[in-house]
Every structure is written in structure tokens, then in C-alpha cells.
Undergrad: 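Sending over a structure as C-alpha cells; questions will come in a sec.
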Amino acid sequence: MDLPDIVSATLGLSPPWHVSSVTLADDGKRLDIIVCYDANHHAVCPHCGARGAGCEADSEIWYHRDFFRYATYLHTRVPRIICCGLVHTVERPWARTGSKFVKISNEQNP
Ligand SMILES: [Zn+2]
């Protein structure tokens, strides 16, 4: 197992989510993780079940002050499924109940 796989398992990720990179800062105190949602995976509308529903993505940054003993920033783009006249977001595995990750930034793309 390489480091992205270990981090992915610790975050509880499963496809289409995966860790694309893990970077430890030069000072050895900060970890940056980039989590990707496989663009080829067609999101399913939870309302009508349509596959490949219109999809946009929001950039988010999540913070954990003690992940593997590092201050950790998780960078990701979370898809938004636009269907049935509604906007649905997909579940973020690292934000499940009991997780210590907190969202610190939410950048909506125009
Ligand atoms: Zn729908």
C-alpha cells in the first residue's frame, strides 16, 4: 500500500472517491490531501434514479487538526447533481458522524 491508499482507507473512501495526492509540508507539520471524485462515474439522482444527471462541482477545503498527528487540509471538489428541479449533493465519506474534519472553505463555482 502506498501513502494515498493508506490515507484513502483511513478516510473510509471507496470508488468513485479516491485520494490523488498526499503532501507533507517541509516543516513536517502540515499534511495536504487531495481527494477526487472520478469524473467518469455518473452520479445518480437520488430522487428519480436518473444516471448522468447534470453535474457541477464545488471546491471545498476541510481541516482536521490531528490526522496522523498532522494538521491536515483536505482539498476536494464535491459534485452537485442537478435533476428533478433540485440540487442534490453527494455524501462526503470523511464528514460522517464522529469525523473530526470540519469544512473551512466552500467556493461555489459560477
Ligand atoms: Zn432526477
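Nothing fancy with the numbering, it's 1 onward along the sequence.
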Undergrad: State yes or no: do F101 and I6 share one hydrophobic cluster built from I, L, V, M, F, W and Y residues joined by side-chain heavy-atom distances below 4.5 Å, directly or via other members?
TA: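 Cluster IDs for F101 and I6 match.
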Undergrad: Check ring pair (Phe, Tyr, Trp, His ring centres under 6.0 Å) between Y63 and all other residues, then give those that pass, not counting sequence neighbours.
TA: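 Partners of Y63 under the ring pair (Phe, Tyr, Trp, His ring centres under 6.0 Å) test: Y73.
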Undergrad: Less than 4.0 Å between a side-chain N and a carboxylate O, is that true for R80 and D58?
TA: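 Answer for the salt bridge query: yes.
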Undergrad: Measuring from atom CG of D66 to atom CG of L31, what distance do you get when rounded to the nearest 0.5 angstrom?
TA: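 Output value for this atom pair is 11.5 Å.
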Undergrad: Measure across P4 and V22 and return the closest heavy-atom pair with its distance rounded to 0.1 Å.
TA: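 Heavy-atom minimum between the residues: CA-CG2, 3.9 Å.
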Undergrad: Please find the pair of heavy atoms, one from G12 and one from P93, that lie closest to each other, and give the distance.
TA: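 Between these two residues, the closest heavy atoms are O-CB, 3.8 Å.
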Undergrad: Please tell me whether V78 and L86 are part of a single hydrophobic cluster in this structure, the criterion being side-chain heavy atoms less than 4.5 Å apart.
TA: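 No; tracing contacts between hydrophobic side chains, which count when under 4.5 Å, never links both residues.
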Undergrad: Considering the options D38, L11, T76, which one meets the side chain to side chain contact (heavy atoms under 4.5 Å, CB included) requirement together with W17?
TA: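 When D38, L11, T76 are each tested with W17, the side chain to side chain contact (heavy atoms under 4.5 Å, CB included) holds only for T76.
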Undergrad: So, taking the atom named OG1 in T10 and the one named CZ in F68, what distance separates them when rounded to the nearest 0.5 Å?
TA: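 CZ of F68 is found 3.5 Å from OG1 of T10.
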Undergrad: Pairs in or reaching into residues 22-32: which pass side chain to side chain donor-acceptor pair (under 3.5 Å), with residues at least two apart or in two chains?
TA: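 Qualifying pairs: R30-D32, D32-H75.
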Undergrad: Working to the nearest 0.5 Å, report the span between CG of L74 and CH2 of W62.
TA: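 CH2 of W62 is found 8.5 Å from CG of L74.
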Undergrad: Which distance, rounded to the nearest 0.5 Å, do you find between the NE2 of H18 and the OG of S8?
TA: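 Output value for this atom pair is 8.5 Å.
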Undergrad: Assigning hydrophobic clusters by single linkage (Ile, Leu, Val, Met, Phe, Trp, Tyr; side-chain heavy-atom cutoff under 4.5 Å), is I34 placed with V7?
TA: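 Each belongs to a different hydrophobic cluster.
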Undergrad: Hey, could you give me each pair passing side chain to side chain donor-acceptor pair (under 3.5 Å) that has a residue in residues 87-101? Not counting sequence neighbours.
TA: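 Counting only pairs at least two positions apart or across chains, the side chain to side chain donor-acceptor pair (under 3.5 Å) contacts touching residues 87-101 are E60-R92.
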Undergrad: Same hydrophobic cluster for Y70 and V19, using side-chain heavy-atom links shorter than 4.5 Å among ILVMFWY?
TA: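 Yes, Y70 connects to V19 through the hydrophobic network.
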Undergrad: Does some side-chain heavy atom of I81 sit less than 4.5 Å from a side-chain heavy atom of V87?
TA: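 The answer is no, as the side chains (C-beta and beyond) never meet within the 4.5 Å cut-off.
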